[in-house]
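Source: prediction; values computed, not measured.
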Amino acid sequence: MKSVQVLLSSYNGEKYIAEQIDSLLAQTHPSVDIFIRDDGSSDNTKTILKTYLRHGNIKVLWGSNKGVIPSFFELLSKASDQADYVAFCDQDDYWKRDKIEAALRQLEHIPEDTPCLYCGRVELVNEKLEHVGMYPLRKKGPSFENAIIQNIATGCTIVMNQAARKKILEKVPQYKNVIMHDWWFYLVIAAFGKVIYDKESRMLYRQHGGNTVGADHTIIGRWIKRFKRYVKKREYGFITRQAQEFMKLYGEELDKEKKKTLFRFLESRKTFSRRLLYMITGNTHRQTWSEDVISRIVLLLNMV
């Protein structure tokens, strides 16, 4: 029986966290442990978590407020070496009963020494878990060329094997240069292992005002949100900074083609003429034609 440890970072999640934990306890896969790190909650979250400690498969680490990226990296570093797989979980969603079982069906065929990350599509719901839409289907699938400029591995869908966990922990990045922990995981494993994308949704992604990272289920809404982010000066260069951090840490380990792809992307950032050439000939890509067109325009304007 393959074992799974679910890693959950909580912070002021009193409204929904009990419902989420109940969905974890209801998983059809029989060997699931839950490891929670509380990131310094000041509401009733800690009290709620203490009521779950009666379950023998739940452990809580009480921490100070670090933020979501450092919190998940700490969970990953302190996760069990004995678990066959680790899964990532947000505090305010709801997992379908077969979420872990479905992931393991696709992961179990991968050799243990191959870093492998499973992720999937999500169903968007409102605060009452009522359907409001679906994340766009990632038809092109995962690749390193995609991971440089787009994340398709939503954190709360990720399940990875120990080889992937160890590869990610080999070289911990400076958190200020990481857009989000799940994007970094996707980038590392797309470069050195295998990424599996499940076209079926196995969980409910709750949309509410307190989401750390939310999602708009309409095309127009997503692009309005994206452009608002781009035009904020503090967001300029965030994709480039992450790519530079990745090159610094892993550049010498990349195979020839991946290193060339990353080098071309970074070199194109330096001048307008290089950006113009890259807009036409660059091989990084997003998942849809419309996303790719807008992405190339934004790259040309040096807003990444």
Side-chain angles (χ1 to χ4, degrees), residues 1-10 24 27 29 31-39 57-61 63 66-91 93 95 99-120 142-144 147 151-175 177-198 202-203 242 245-246 248-250 253-254 258:
M1 179 63 63
K2 297 294 185 179
S3 58
V4 180
Q5 186 174 49
V6 177
L7 308 180
L8 191 163
S9 178
S10 61
L24 303 182
Q27 289 295 297
H29 186 72
S31 184
V32 177
D33 289 324
I34 303 168
F35 181 27
I36 303 169
R37 180 187 180 276
D38 185 74
D39 194 36
N57 62 336
I58 295 181
K59 180 174 69 172
V60 178
L61 175 65
K66 294 182 174 183
V68 63
I69 297 173
S71 187
F72 270 114
F73 265 96
E74 184 174 349
L75 279 167
L76 189 64
S77 67
K78 294 182 177 179
S80 172
D81 293 325
Q82 305 306 311
D84 295 292
Y85 303 98
V86 293
F88 292 82
C89 180
D90 290 342
Q91 65 185 3
D93 302 321
W95 285 15
K99 182 182 184 300
I100 291 177
E101 188 177 351
L104 265 56
R105 280 199 299 268
Q106 300 198 47
L107 285 164
E108 63 185 2
H109 305 295
I110 306 300
E112 290 184 0
D113 60 350
T114 299
C116 188
L117 180 152
Y118 162 97
C119 60
S143 69
F144 183 66
N151 179 33
I152 67 169
T154 306
C156 48
T157 72
I158 289 177
V159 184
M160 67 175 68
N161 62 11
Q162 281 288 348
R165 172 179 173 254
K166 291 174 182 176
K167 185 64 185 177
I168 291 167
L169 291 174
E170 275 181 10
K171 299 175 181 179
V172 177
Q174 293 189 51
Y175 300 133
N177 295 328
V178 174
I179 299 167
M180 206 62 181
H181 60 284
D182 51 5
W183 195 333
W184 184 261
F185 299 162
Y186 175 39
L187 187 57
V188 173
I189 305 307
F192 299 108
K194 181 177 178 59
V195 179
I196 298 171
Y197 174 73
D198 191 344
R202 309 291 180 180
M203 51 89 60
Q242 179 167 270
E245 182 77 4
F246 188 82
K248 181 179 72 175
L249 294 180
Y250 290 106
E253 294 184 42
L254 291 170
K258 289 186 175 72

message: Evaluate Ser3 against Asp33 for side chain to side chain contact (heavy atoms under 4.5 Å, CB included), listing each step before the verdict.
response: CA-CA 8 Å; Ser3 58; Asp33 289 324; 5.9 Å; no
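- Side chains of Val68 and Asp39 form no contact here, defined as non-hydrogen atoms less than 4.5 Å apart.
- For the pair Asp198 (side chain) and Gly120 (backbone), a donor-acceptor distance under 3.5 Å is absent.
- To the nearest 0.5 Å, atoms CD1 (Ile36) and OG (Ser71) are separated by 11.0 Å.
- A donor-acceptor pair under 3.5 Å is absent between the side-chain atoms of Asp182 and the main chain of Thr154, judged by distance alone.
- Between Gly63 and Arg37 the shortest heavy-atom distance is CA-NH2, 3.7 Å.
- Considering every non-hydrogen atom in both Met1 and Ser31, the closest pair reads CG-CB, 3.7 Å.
- Between the Asp90 side chain and the Cys156 main chain, no donor and acceptor come within less than 3.5 Å of each other.
- Arg105 places no side-chain N or O within 3.5 Å of a backbone atom of Ile100 that could act as its donor or acceptor partner.
- Glu108 and Tyr85 make their closest contact through CA-OH, 3.7 Å (heavy atoms, listed as atom of the first residue, atom of the second, distance).
- Considering SG of Cys116 and CD1 of Ile196, their distance stands at 3.5 Å, rounded to 0.5 Å.
- For the atom pair CD1 of Ile69 and CD of Gln174, the computed distance is 12.5 Å after rounding to the nearest 0.5 Å.
- You'll find the side chain of Leu61 reaches within 4.5 Å of the side chain of Glu74, heavy atoms only.
- For the atom pair CD1 (Ile189) and CD1 (Ile168), the distance works out to 4.0 Å, reported to the nearest 0.5 Å.
- Using bins of under 30°, 30° to 60° and over 60° for the plane-to-plane angle, the ring pair Phe73/Tyr175 lands in the tilted bin.
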field: Worked verdict on Leu76 versus Phe185 for side chain to side chain contact (heavy atoms under 4.5 Å, CB included)
entry: CA-CA 11 Å; Leu76 189 64; Phe185 299 162; 4.1 Å; yes
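- Looking at Leu107 and Lys2, their side chains never come closer than 4.5 Å, going by heavy atoms from C-beta outward.
- Remark: Thr114 OG1 to Asn161 CG distance equals 7.5 Å, nearest 0.5 Å.
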query: Yes or no on side chain to side chain contact (heavy atoms under 4.5 Å, CB included) for Phe192 and Leu254, after CA distance, side-chain angles and deciding distance?
result: CA-CA 8 Å; Phe192 299 108; Leu254 291 170; 3.8 Å; yes
field: Stepwise side chain to side chain contact (heavy atoms under 4.5 Å, CB included) check, Ile158 with Leu117
entry: CA-CA 7 Å; Ile158 289 177; Leu117 180 152; 3.9 Å; yes
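- Considering every non-hydrogen atom in both Lys78 and Phe35, the closest pair reads O-CE2, 3.6 Å.
- Taken from NZ in Lys66 to OG in Ser9, the straight-line distance is 10.0 Å, to the nearest 0.5 Å.
- In this structure a side-chain-to-backbone donor-acceptor pair under 3.5 Å is present from Gln5 to Ser80.
- Of the possible donor and acceptor atoms, one in the side chain of Trp183 sits under 3.5 Å from a partner among the backbone N and O of Ala147.
- A heavy-atom distance below 4.5 Å is not found between the side chains of Lys99 and Leu24.
- No side-chain heavy atom of Thr157 sits less than 4.5 Å from a side-chain heavy atom of Arg202.
- Minimum heavy-atom separation, His29 to Glu101: CB-N, 4.3 Å.
- With hydrogens and angles disregarded, no donor-acceptor distance shorter than 3.5 Å links the side chain of Glu245 to the backbone of Asn177.
- Nearest heavy-atom pair, Pro173 versus Val178, reported as atom, atom and distance to 0.1 Å: CG-CG2, 3.5 Å.
- The shortest side-chain heavy-atom distance between Lys167 and Val188 falls under the 4.5 Å cut-off.
- Remark: side-chain polar atoms of Lys171 are paired, donor with acceptor, to backbone N or O of Leu249 under 3.5 angstrom.
- No donor-acceptor distance shorter than 3.5 angstrom exists from the side chain of Glu112 to the backbone of Asp84, with no hydrogens or angles considered.
- Here the side chains of Leu187 and Tyr250 are not in contact, with every heavy-atom distance at 4.5 Å or above.
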